[in-house]
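Note that the structure is a prediction, hence the values are computed from the model and not measured. We count ligands from 1, going down the list as the structure has it; atoms in each ligand are counted the same way.
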Amino acid sequence: MVGYRSSRLSKIGPYFFSEFNRRREELKAEGVDVINLGVGDPDLPPPEHVLDALANAVRDPRAHRYPPFGGTREFREAVAIWYRRRFNVAVDPEREVLALIGSKDGLAHLPLAILNPGDITLVPDPGYPTYHASTIIADCDEVSVLLRADRGYLPDLQAIPRTLAKRARILFLNYPNNPTAAVATLEFFEKAIAFAREHSILLVHDNSYSEVAYDGLCPPSLLQADGAREVGIEFHSLSKTYAMAGWRIGIAVGNANAIGALAAMKTNVDSGVPWAIQQAGIAALTGPEGPTRDRVAVYQRRRDQLVAGLASLGWHPPRPQATFYLWLQVPDGRTGQDFAKDVLDLTGVVLTPGIGYGKEGERFVRVSFTTPGERLEEAIDRLVRAFGTTTGQTYDLAMHSRQPDDST
Ligand SMILES: *Cc1c(COP(=O)(O)O)cnc(C)c1O
């Protein structure tokens, strides 16, 4: 049955995680205490001063009116202040800043705003699924750019055939990276800018995790690199930085032409970010940074807890320097999908199969730590019970499932 589904939508494919979610819901219905290490959805609340700003704003008459397209002047100025404070970069709040209904809004609409049907985008594999989906929705074609461990999950831009690079219009980048947790240096961005210049490509940098970094690391902005605003646009999310995922607010900053096109596109699609949410965004961007540092310290402790717990199982994902994800190569060469299914059935712990981020993710799972420490402890206990602690032991589901307690 074709029904009302467009060919565009059909091409994006069924939502990968839906089957997996069904199994999770089944287990829940059976009374299993499911521990979800699948989603990257901050569990700690936004800072108190941000909650106060929102509470005050909803009683202001301005909250009930349509907000200005593209964000209030005050919000865009707050973004400029934050860019100056955090990255020492000056941006023009009028022409180089745009408020978004989450960074996903901007990422999803940008190809529609600047590309023509048949244009090519360069999409990282593995990568956040919206880069792929937005390409298809705009009737464009994607070419995968592989991210591999031996290059620190940075794309090898020189390996992209020149004829292809000449035809490409967008290159999506995302560092700190979801799902691999890789980080990029300013030198990498400089190389990407040279590549973009040479081939007239727009660099689209998704910097959603710039503030979720550990051990004192301060991930850079693309706009810190020379010439970035001639060829680049950068997205930020208040979802991850301030745990405001449910509030839907994000930012685009960079090339004034691209910002203008995206803003024009969006005037046809939505009517802006609710005014009260923008007021909360201003409080978040210009207010005290202590709460954000405290939250990151919690994530860092969880990271260490999880890395140590998995090591006791003989599993050794790299210790992430940023994001709240571990990118774990599945033991024994199985697919991430099989592995995640077994882990779910045996332990009630949800991991995300890497294939959801592209073919290169096939032999990986993503483990998220937006879950309290006690629950992480419980998840590790269950994994240890199911899989044993012998370092380097071959993962063998049949063996483990043949040792139920009821045999004694
Ligand atoms: C979470 C996430 C987003 C979406 O963030 P919103 O601002 O909530 O829309 C975008 N990109 C990446 C890589 C993400 O992980």
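- Distance alone, capped at 3.5 Å, places no donor-acceptor pair between the Asp60 side chain and the Ala57 backbone.
- Looking at Phe172, Tyr131, Tyr128, Tyr209, it is Tyr209 that brings a heavy atom closest to atom 15 (O) of ligand 1.
- Of the candidates Met244, Lys240, Lys104, Lys240 brings a heavy atom nearest to atom 2 (C) of ligand 1.
- A salt bridge is defined here as a Lys NZ or Arg NE, NH1 or NH2 lying under 4.0 Å from an Asp or Glu carboxylate O, and Arg73 with Glu94 meets this definition.
- Electrostatic pairing of Asp150 and Arg148 does not count as a salt bridge here, judged by no charged N lying under 4.0 Å from a carboxylate O.
- Contact atoms of ligand 1 toward Ser208: 3 (C), 10 (C), 11 (N), 12 (C) (distance under 4.0 Å to a heavy atom of the residue).
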*Can you check side-chain contact (heavy atoms from CB on, under 4.5 Å) on Glu198 and Arg162, steps first, answer last?*
CA-CA 10 Å; Glu198 184 183 352; Arg162 290 184 65 83; 2.8 Å; yes
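- Less than 4.0 angstrom separates some heavy atom of Asn174 from each of these atoms of ligand 1: 13 (C).
- The protein heavy-atom contact nearest to atom 9 (O) of ligand 1 is Arg248 NH2, 2.8 Å.
- By the 30° and 60° cut-offs, the orientation of the rings of Phe387 relative to Phe339 is tilted.
- Ligand 1 does not have Gly40 within reach: every non-hydrogen atom of the residue lies 4.0 Å or more from it.
- Considering each of Ser237, Ser239, Ala108, the one bringing a non-hydrogen atom nearest atom 8 (O) of ligand 1 is Ser239.
- Both the backbone and the side chain of Ser103 come within 4.0 Å of ligand 1, judged by heavy-atom distances.
- The shortest N or O to N or O distance between Asp206 and ligand 1 is under 3.5 Å.
- Taking the six-membered ring for Trp and thresholds of 30 and 60 degrees, His205 and Tyr175 have nearly parallel ring planes, at less than 30 degrees apart.
- With respect to Asp119 and Arg169, no salt bridge is recorded, no charged nitrogen being found less than 4.0 Å from a carboxylate O.
- Residue-ligand proximity: Gly250 is placed with every non-hydrogen atom at 4.0 Å or more from ligand 1.
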